[in-house]
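Here the structure comes first, spelled out in structure tokens, and everything after it is commentary.
The analysis underlying the following values was restricted to heavy atoms, covering all of them including side chains, and did not include hydrogens, waters or symmetry mates.
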Amino acid sequence: MAPKKSSKSKGKVPVKATTASKADPLFPSRPRSFNVGGAIRPAGRDLSRFVRWPKYVRIQRQRAVLYQRLKVPPAVNQFTKSIGKNEASNVFKMLNGYRPETPAAKKQRQRATAADAAKGKGGKTANVPHQLKFGLKHVTTLVEEKKASLVLIACDVDPIELVLWLPALCRKMEVPFLIVKDKARLGALVHQKTAAVVALTGVNKEDEAQLKIFQNLGLEKFNKNTELMRKWGGGIMGLKTQAKLDKRAKAMAIEEAKKNASLRK
């Protein structure tokens, strides 16, 4: 037979009473919040150097540093010499009056023309108003046919090879051009996100004098500027390298002074 189980009641384990620890007045507890925007960041310290920036931001900054360090040929370096802020504001102020028609406005104009033709008021189609031309192929054709009065090229086209040859073509065809900031601003003129290049084929009579001023500006600053076509860019070292070279130059100057002083004796 199996042995009988003992009918002894199991005693409960006594629980020790925990005494609440008193707060230390010299070293008070400061619990940290590890949530986003919590108490990890040291107060008054700029940590932007340690931020893991998005890849496109890092590529932009690395490209800017490379353009400073490396020798940049004149064909690429000319895109860093865009027109000034005041000149650009005047150019865009004039171009704002020649923005292309939106699809809705174009449809409305065509309907009005068709209605007039049906009534017998106008046999000919209405003249399309002067407006900006955009698109790289379209503007290239206008430059080759010498129909463009003024060409605006963005300074921050990526890849730069898309418009690298366009200044040379404008110089050959004697079409005035301007390099402006930036492709987003040009795109806003023609209802696009960005535009590498835009062109004007004509303006109204009241803007002819203003257009002539901008044409002369383009001819003087870009088309006939021989220094711009020959000047290389880049070759700018970093702060640490510059300090090291200055230190080396000072040491060489001191050594040369010592040699001259010893020869005089």
Side-chain angles (χ1 to χ4, degrees), residues 60 64 67 72 74-102 105-106 127-229 231 233:
Q60 285 175 354
Y67 274 139
V72 182
V76 179
N77 187 52
Q78 66 181 340
F79 287 93
T80 62
K81 310 296 182 185
S82 58
I83 59 176
K85 185 178 179 181
N86 295 331
E87 297 163 343
S89 64
N90 292 331
V91 172
F92 281 97
K93 187 176 179 181
M94 186 190 76
L95 294 182
N96 199 40
Y98 297 95
R99 300 180 69 184
E101 292 176 309
T102 58
K106 185 177 180 180
N127 293 328
V128 179
H130 293 297
Q131 57 188 15
L132 282 170
K133 310 295 182 182
F134 64 100
L136 203 53
K137 290 183 179 179
H138 186 29
V139 172
T140 304
T141 305
L142 294 174
V143 173
E144 288 174 345
E145 295 174 355
K146 296 187 177 181
K147 291 182 179 178
S149 303
L150 182 66
V151 177
L152 273 74
I153 308 171
C155 68
D156 58 343
V157 178
D158 185 33
I160 195 67
E161 288 82 4
L162 289 173
V163 293
L164 194 62
W165 45 269
L166 194 54
L169 180 64
C170 290
R171 289 187 183 105
K172 184 178 180 181
M173 295 298 171
E174 297 180 353
V175 175
F177 74 95
L178 296 170
I179 296 174
V180 298
K181 293 180 181 179
D182 50 21
K183 61 183 180 182
R185 201 171 178 187
L186 288 180
L189 286 174
V190 292
H191 312 294
Q192 302 288 329
K193 285 185 179 179
T194 58
V197 57
V198 299
L200 265 178
T201 53
V203 294
N204 300 330
K205 286 186 178 181
E206 59 269 17
D207 291 327
E208 286 180 355
Q210 193 76 7
L211 176 63
K212 190 66 177 175
I213 293 172
F214 297 142
Q215 286 176 336
N216 293 336
L217 176 65
L219 291 172
E220 180 186 350
K221 194 168 183 178
F222 295 101
N223 287 64
K224 298 179 180 179
N225 191 352
T226 55
E227 185 183 354
L228 188 69
M229 293 183 276
K231 190 174 181 181

Exercise for the section: For Thr194 and Lys183, indicate whether the former's side chain and the latter's backbone hold a donor-acceptor pair under 3.5 Å. Expected result: no
Problem - Heavy-atom side-chain proximity of Phe222 to Ile83 below 4.5 angstrom - result: yes
Completion exercise
Of all heavy-atom pairs linking Asn86 and Ser89, the shortest is O-OG, 2.7 Å
Exercise for the section: Evaluate the side-chain proximity of Ile213 to Leu211: yes if any heavy-atom separation is below 4.5 Å, no if none is. Expected result: no
Fill in the blank from the handout: Note: Cys155 and Lys181 closest approach over all heavy atoms is SG-CG, 3.5 Å
Problem - Gln210 atom CD: more than 12 heavy-atom contacts under 6.0 Å - result: yes
Fill in the blank from the handout: Interatomic distance, NZ@Lys147 vs OG1@Thr201, rounded to 0.5 Å, equals 9.5 Å
Practice task
Mark yes or no for whether Glu220, through its side chain, and Asn225, through its backbone, hold a donor-acceptor pair below 3.5 Å.
Solution key: no
Practice task
Please check if atom CD in Glu227 has more than 12 non-hydrogen atoms from other residues, nucleotides or ligands closer than 6.0 Å.
Solution key: no
Problem - Where Leu186 and Ile153 come nearest, the two heavy atoms and their spacing - result: CD1-C, 4.2 Å
Exercise for the section: Kindly compute the distance separating CG (Leu152) from CZ (Phe92), expressed to the nearest 0.5 Å. Expected result: 6.0 Å
Practice task
For the residue pair Val190 and Arg99, establish whether any side-chain heavy-atom pair is separated by less than 4.5 Å.
Solution key: no
Problem - Side chain to side chain, Glu87 and Phe214, heavy atoms closer than 4.5 Å - result: no
Practice task
Using the side-chain contact (heavy atoms from CB on, under 4.5 Å) rule, take Val143 and Cys170 through it: C-alpha gap first, then chi angles, then the decisive distance, then the call.
Solution key: CA-CA 7 Å; Val143 173; Cys170 290; 4.2 Å; yes
Handout entry: Test log, rule side-chain contact (heavy atoms from CB on, under 4.5 Å), inputs Leu142 and Lys133
Key = CA-CA 9 Å; Leu142 294 174; Lys133 310 295 182 182; 3.6 Å; yes
Completion exercise
Shortest non-hydrogen pair, Ala195 vs Ala154, comes out as O-CB, 4.0 Å
Handout entry: Gap between atom CZ of Phe177 and atom CG of Leu166 - 0.5 Å precision
Key = 8.0 Å
Exercise for the section: Measure the CD1-CG distance between Ile179 and Asp156 for me, rounded to the nearest 0.5 Å. Expected result: 11.5 Å
Problem - Note, Val198 side chain near Val139 side chain (heavy atom, < 4.5 Å) - result: no
Exercise for the section: Apply side-chain contact (heavy atoms from CB on, under 4.5 Å) to Leu95 and Leu200, showing your working. Expected result: CA-CA 9 Å; Leu95 294 182; Leu200 265 178; 3.3 Å; yes
Practice task
Answer yes or no: is there a side-chain heavy-atom contact under 4.5 Å between Val76 and Tyr67?
Solution key: yes
Exercise for the section: Using modelled atom types only, decide if a donor and an acceptor are shared between the side chain of His191 and the backbone of Thr102 within a distance under 3.5 Å. Expected result: no
Handout entry: Check: Ser149 and Val203 side chains under 4.5 Å, non-hydrogen atoms
Key = no
Problem - Flag side-chain contact, heavy atom, 4.5 Å: Pro167 against Arg171 - result: yes
Handout entry: Nearest atoms (heavy-atom pairs only) where Asn223 meets Val175
Key = ND2-O, 3.0 Å
Practice task
Quick one: do Leu189 and Asn96 satisfy side-chain contact (heavy atoms from CB on, under 4.5 Å)? Show the steps, please.
Solution key: CA-CA 7 Å; Leu189 286 174; Asn96 199 40; 4.1 Å; yes
Problem - N/O donor-acceptor pair under 3.5 Å between Asp182 side chain and Arg185 backbone - result: yes
Handout entry: Tyr98 side chain to Asp207 side chain, donor-acceptor N/O pair below 3.5 angstrom
Key = yes
Completion exercise
Taken to the nearest 0.5 Å, the spacing of Gln215 CD from Glu208 CD works out to 10.0 Å
